[in-house]
Amino acid sequence: MRTMKLCITLGLALICGACSAQKTKKGWTQLFNGKDLKDWDIKITGHQLNDNNGNTFRVQNGNLAVSYENYKAFDEQYGHIFHKKKFSAYLLVMEYRFVGEQVAGGPGWAIRNSGAMIHSQSAASMGVNQDFPISIEVQLLGGTGRGKRSTANLCTPGTNVVMNDKLITAHCVDSKSKTYDGEQWVTAEVLVLGDSIIKHIVEKDTVLVYEKPQIGGGNVSNADPALLQQGKLLSEGYISLQSESHPVEYRKVELFDLAPYMKDKKKLEKKIKELQGR
């Protein structure tokens, strides 16, 4: 009898543990499943949609890896891997690190440089020779061992933003993050609330805030002119990760969808507070 009671107790504990785990994950979407890239589209400059030239984007040791081992030279083959689902309001969480050396022919500015594009056009709408998608870039940089180099900066291919009630047309704006040298893992988060507030967060520290992402400016080549609607606010779009000539790995790319909370300010604020305190 005691054995049966013990088994029942252990069984209930396991069930409760499983329920707790499911509850913890409720609302989260694993954009990268750790196994394959079936939920993603690939677009590399000079190549057709989903031509993964040189197996640039791959799953390696359970990580989403950007690799150039099959390249002789970079040749301005900028690439992006797009999640197939469009999002509008969310918290994006990424754990990334830079590894190895830059491929031959990569530009100097691209050493230990990558990024996550948000509110992006789709992979399918990019021109064959287009270099970057019209989007907001959360620029991810690694330290070079020589002075300060912030990460989770803002870059704006084909876009502008507003900061402190002023339209920002500069292509890149530095965050106030620390410098992360070597091959250490770094956690970067992006809080996106449609076409209003966007926050960049590194290791729980908010390092950059802006609002009203919109189409405008330059720094995109060979895009469809019909998509360059100056001043159009960006309230939704796709998420993509870059290949810019330096190997990088992601061991986590997950998202909490905040769209169901956007019509209730109190519920939205409560949920954001919960997420920030997790």
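The figures that follow rest on heavy atoms only: side chains count, while hydrogens, waters and symmetry mates do not. Throughout, residue positions are numbered sequentially from 1 according to the sequence presented.
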Quick one: closest heavy-atom pair of R149 and G142, and the distance? NH1-O, 2.8 Å

Of all pairs that satisfy ring pair (Phe, Tyr, Trp, His ring centres under 6.0 Å), the ones with a partner from residues 135-164, not counting sequence neighbours: none

Heavy-atom distance under 4.5 Å between the side chains of E189 and K204, does that happen here? yes

Nearest-0.5 Å distance, CD of residue E274 to NZ of residue K271: 4.0 Å

Side-chain heavy-atom pair K38, N33 within 4.5 angstrom cut-off: yes

Roughly how far, to the nearest 0.5 Å, is CD1 of I201 from CG of L92? 10.5 Å

Find the distance between CZ (R112) and NE2 (H246) and round it off to the nearest 0.5 Å. 6.0 Å

I want to check something: taking the side chain as every heavy atom from C-beta on, are L258 and L275 in contact at a cut-off of under 4.5 Å? yes

Would you check if K178 and E203 make a side-chain contact, meaning some heavy-atom pair closer than 4.5 Å? no

Donor-acceptor pair between Y71 and S245 side chains, under 3.5 angstrom: no

Between T159 (side chain) and S135 (backbone), is there a donor-acceptor pair under 3.5 Å? yes

Side-chain contact test, heavy atoms from C-beta onward, threshold under 4.5 Å: evaluate it for I111 versus F98 and give yes or no. no

Contact check, side chains of L234 and I215, non-hydrogen atoms, under 4.5 Å: yes

Start with the C-alpha distance between E269 and K266, add both sets of side-chain angles, then the distance that settles salt bridge (charged side-chain N to carboxylate O under 4.0 Å, His left out), and finish with yes or no. CA-CA 5 Å; E269 290 176 348; K266 288 186 177 180; over 6 Å; no

Ring pair (Phe, Tyr, Trp, His ring centres under 6.0 Å) partners of residues 213-241, not counting sequence neighbours, each pair once: none

F57 and L241 have their tightest heavy-atom pair at CE2-O, 4.0 Å

Would a 4.5 Å heavy-atom cut-off, applied to side chains only, mark S88 and K86 as touching? no

In Å, rounded to the nearest 0.5 Å, how long is the span from CD1 of I136 to CG of L154? 6.0 Å

Indicate the atoms forming the closest heavy-atom contact of K267 with Y261, along with that distance. O-CD2, 3.9 Å

Test side chain to side chain contact (heavy atoms under 4.5 Å, CB included) applied to V190 and L255, I239, V138, the passing residue: V138

Smallest heavy-atom separation, Y68 atom then V66 atom, equals OH-CG1, 3.4 Å

Is the side chain of S67 donor-acceptor paired with the backbone N or O of T56 at a distance under 3.5 Å, no angle test? no

Which pairs pass ring pair (Phe, Tyr, Trp, His ring centres under 6.0 Å) with one or both residues in residues 181-216, sequence neighbours excluded? H200-Y210

On the 0 to 90° scale, with breaks at 30° and 60°, tag the H119-Y90 ring pair as parallel, tilted or perpendicular. perpendicular

Let me confirm one number: the CG-CD1 distance from L228 to I134, rounded to the nearest 0.5 Å. 4.0 Å

Any heavy-atom pair between the side chains of D39 and L31 that's under 4.5 Å? no

H80 and F132 aromatic ring geometry - parallel, tilted or perpendicular at 30°/60° bounds: perpendicular

Closest heavy-atom pair and its distance - L49, A123: CD1-CB, 3.6 Å

When rounded to the nearest 0.5 angstrom, what distance separates CG in L140 from CZ in R97? 15.0 Å

Quick one: closest heavy-atom pair of P107 and F74, and the distance? CD-CD2, 4.2 Å

Which of T45, D51, N50 passes side-chain hydrogen bond (donor to acceptor under 3.5 Å, both in side chains) with H47? Answer is D51

